[in-house]
Amino acid sequence: MSLRKDKEKVLGEIFDEARIRTFLDYTAPAGVNADYHLLEKAYRGMRGENFETFVKLFVEAGKDLNAVGPEGKTFLQVIKPHRNSEEYVTALEKAGAH
């Protein structure tokens, strides 16, 4: 199975600060806390080292690291049990998430 040309997987995409900052611009779906949604989008779309930069920018923008998602938990509480979340958890805890 091959991917359509417009659906090719991008490997090694460069995430400079300007690119990371674009993750602050996503609009949350109805009923989802906007700050929680931004954290989830960044988590799903970035490597750990990029996520750490995102968290710094997120906090500087006055966003809430402890926003509660649809499950009634903070984003940190949701990802902590994930198998490969250590770098992300560390970045969030370092910034004051609980």
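Small disclaimer: the values here were computed from a predicted structure and weren't measured.
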Geometric class of the Phe15/Phe23 ring pair [parallel <30°, tilted 30-60°, perpendicular >60°]: tilted
Distance in Å, Thr22 OG1 paired with Asp16 CG, rounded so as to fall on 0.5 Å steps: 9.0 Å
For Pro81, all residues meeting side chain to side chain contact (heavy atoms under 4.5 Å, CB included), sequence neighbours excluded: none
From Arg19 atom CZ to Asn50 atom CG, the distance as rounded to the nearest 0.5 Å: 9.5 Å
Heavy-atom pair of closest approach, residues Ala28 and Ala34: CB-CA, 3.7 Å
Contacts under 3.5 angstrom, residues 89-98 side chains, donor-acceptor by atom type, not counting sequence neighbours:
| from | atom 1 | to | atom 2 | distance (Å) |
| --- | --- | --- | --- | --- |
| Thr90 | OG1 | Glu86 | O | 2.9 |
| Glu93 | OE2 | Lys80 | NZ | 2.9 |
| Lys94 | NZ | Glu52 | OE2 | 2.5 |
| His98 | ND1 | Asn66 | ND2 | 3.3 |

For Tyr88, all residues meeting ring-ring contact (aromatic ring centres under 6.0 Å, His included), sequence neighbours excluded: Tyr43, Phe51
Over all atoms of both residues, closest heavy-atom pair of Leu39 and Phe54: CD2-CE2, 4.0 Å
Value rounded to 0.5 Å, distance of CG in Asp25 from NZ in Lys41: 12.0 Å
Of all pairs that satisfy side chain to side chain donor-acceptor pair (under 3.5 Å), the ones with a partner from residues 26-35, not counting sequence neighbours: none
Non-neighbouring partners of Arg44 that pass salt bridge (Lys or Arg N to Asp or Glu O under 4.0 Å), sequence neighbours left out: Glu40
Pair Tyr36-Val68, side-chain contact (heavy atoms from CB on, under 4.5 Å): steps then yes or no: CA-CA 6 Å; Tyr36 182 92; Val68 176; over 6 Å; no
Under 3.5 Å donor-acceptor, Ser85 side chain and Ile79 backbone: yes
Summary of salt bridge (charged side-chain N to carboxylate O under 4.0 Å, His left out) pairs that have at least one residue in residues 59-73, sequence neighbours excluded: Lys56-Glu60
